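Reminder, nothing fancy here: chain letters follow the sequence lines and each chain counts from 1. Remember, it's a predicted structure, so these values are computed and weren't measured experimentally.
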Number of protein chains: 2
Amino acid sequence: MTRQRRVILGIVETATTHLDASQILLQAKGLDPNIDRVTVYRTLGLLKQHGMIDELDLMHVEGEKHFYERRPQRDHIHVTCLRCGKVVELESALFDRLKANIQREADVQIVVTRLEVGGYCADCRASAPARKGK
Amino acid sequence: MTRQRRVILGIVETATTHLDASQILLQAKGLDPNIDRVTVYRTLGLLKQHGMIDELDLMHVEGEKHFYERRPQRDHIHVTCLRCGKVVELESALFDRLKANIQREADVQIVVTRLEVGGYCADCRASAPARKGK
DNA sequence: TTACGTGCAAAAAATTTGCAGTTTC
DNA sequence: GAAACTGCAAATTTTTTGCACGTAA
């Protein structure tokens with residue numbers, strides 16, 4: 001456990017939004033100016049492997065980057081608005097049951113799950129003047 | 001609807017495995033030697049936007065690429081083995097119910113969902129001699 | 001120590017953009 | 001013929017690799 005890893009893990013753990021590798025690098029440089037982009041990638045890979053953080057796409061609403069968040073106590077669902085990009089997180093007993101089902105039906109020992117939903121939030125549905133054509 | 005788009009859509013629709021952009025380009029070149037990588041990306045983006053295909057990560061078991069598949073009639077769950085990479089697809093009534101729940105609870109009009117699961121398949125659990133340490 | 005981790009340089013992949021010529025309807 | 005699409009070139013962005021030096025346990 002090195003200084004750099006502590007810094008990176010700390011950033012992801014305390015983040016209030018979902019960060020991608022570049023944003024993490026940027027923040028890390030603030031705390032440790034010499035930290036390298038490579039170290040960020042390597043550390044994220046490691047933390048992911050060890051189940052300390054999870055990787056997300058957030059439906060790729062803004063480019064094809066990946067986001068990271070601290071692995072929560074209980075899995076949650078990520079709902080991303082395809083128009084404004086807002087992300088809502090949701091826990092669900094039904095989701096827990098579904099996972100148990102999958103484990104049994106697919107005969108798999110589940111390590112990680114990711115449920116991402118894309119759609120339109122209430123605000124966007126209200127303000128969108130039903131664009132015609134495209 | 002151009003020749004190139006027909007080719008690319010055809011490839012994804014008839015594929016028996018999940019293909020990534022490079023594999024699609026390769027197959028497309030077989031049918032239309034002049035087709036460009038750029039056209040593949042643009043077309044995939046378009047087909048995705050129009051809900052004709054879905055994009056997957058398959059838990060990034062082999063690199064950070066993205067895979068594509070024809071949009072199925074009914075959503076299914078992708079279960080990927082983190083050791084051997086095998087992918088199992090699963091439909092589930094519970095999943096359907098969960099989506100309805102999410103739509104209501106998050107007040108979102110769902111357009112697309114993606115449930116990916118990573119874990120260890122039966123075969124790998126059987127053959128893995130409980131690696132110690134790492 | 002001493003195996004592991006880091007920074008630096010550079011390569012490899014993956015994806016996007018600008019633009020002029022071509023095709024579809 | 002007009003609008004939309006393509007190929008080509010090149011730029012970006014994202015991620016990975018090799019290697020000599022530095023560091024935590």
| said: Of the options C:dG7, D:dC5, C:dA14, whose atoms approach the side-chain atoms of B:Lys65 most closely? | reply: C:dA14
| B:Asp36 CG to C:dT17 P, straight-line distance once rounded to whole Å | 15 Å
| query | Should the ring pair A:His60 and A:His66 be called parallel, tilted or perpendicular, given that the plane angle runs from 0 to 90° and is split at 30 and 60? | reply | perpendicular
| request: Measure across B:Ile77 and B:Phe95 and return the closest heavy-atom pair with its distance rounded to 0.1 Å. | output: CG1-CD2, 3.8 Å
| Any idea which of D:dG7, C:dC8, D:dC5 is nearest the B:Ile35 side chain? | D:dG7
| B:Ala21 or B:Arg42, whichever maps to the more 5' nucleotide of DNA chain C | B:Ala21
| request: Return the value, rounded to whole Å, for the distance between atom CG of A:Leu44 and atom P of D:dT14. | output: 13 Å
| query | Do the side-chain N or O atoms of B:Ser22 get closer than 4.0 angstrom to the phosphate oxygens (OP1, OP2) of C:dA13? | reply | no
| Side-chain N,O (A:Thr2) to OP1/OP2 (C:dC4) below 4.0 Å | no
| field | A:Gln4 vs C:dG7: side-chain N/O to OP1/OP2 distance below 4.0 Å | value | yes
| said: So that I can tick it off, tell me whether A:Asp75 and A:Arg114 are bridged by a salt bridge, with the cut-off set at under 4.0 angstrom between side-chain N and carboxylate O. | reply: no
| query | Would you say the side-chain atoms of A:Glu69 and A:His76 include a donor-acceptor pair closer than 3.5 Å? | reply | yes
| request: Whole angstrom is fine here: how far is it from CG in A:Asp57 over to C1' in D:dT15? | output: 15 Å
| query | Out of C:dT15, D:dT15, D:dT17, which has the shortest distance to the side chain of A:His66? | reply | D:dT15
| CZ of A:Arg37 versus C1' of C:dA13: gap in Å, rounded? | 15 Å
| task | Examine C:dT16: is either OP1 or OP2 under 4.0 Å from a nitrogen or oxygen in the side chain of B:Tyr41? Give yes or no. | result | no
| query | Looking for any heavy atom pair under 4.0 Å, which part of the strands does A:Arg5 touch: base, sugar-phosphate only, or nothing? | reply | sugar-phosphate
| request: To the nearest Å, give me how far apart CZ (A:Arg6) and C1' (D:dA25) are. | output: 12 Å
| request: Could you check how far CD1 of A:Ile24 sits from C1' of D:dT15, rounded to whole Å? | output: 14 Å
| query | Taking CG from B:Leu46 and P from C:dT24, how many angstroms apart are they, rounded to a whole number? | reply | 16 Å
| task | Please report the closest heavy-atom contact between B:Gly85 and B:Val61, naming both atoms and the distance. | result | CA-CG1, 4.1 Å
| 5'-most contact on DNA chain C: B:Glu55 or A:Asn34, nearest heavy atom basis? | A:Asn34
| task | Give a yes/no on whether any side-chain N or O of A:Thr39 is located under 4.0 angstrom from OP1 or OP2 of C:dG5. | result | no
| note | From CE of A:Met1 across to P of D:dA25 the rounded distance in Å is 9 Å
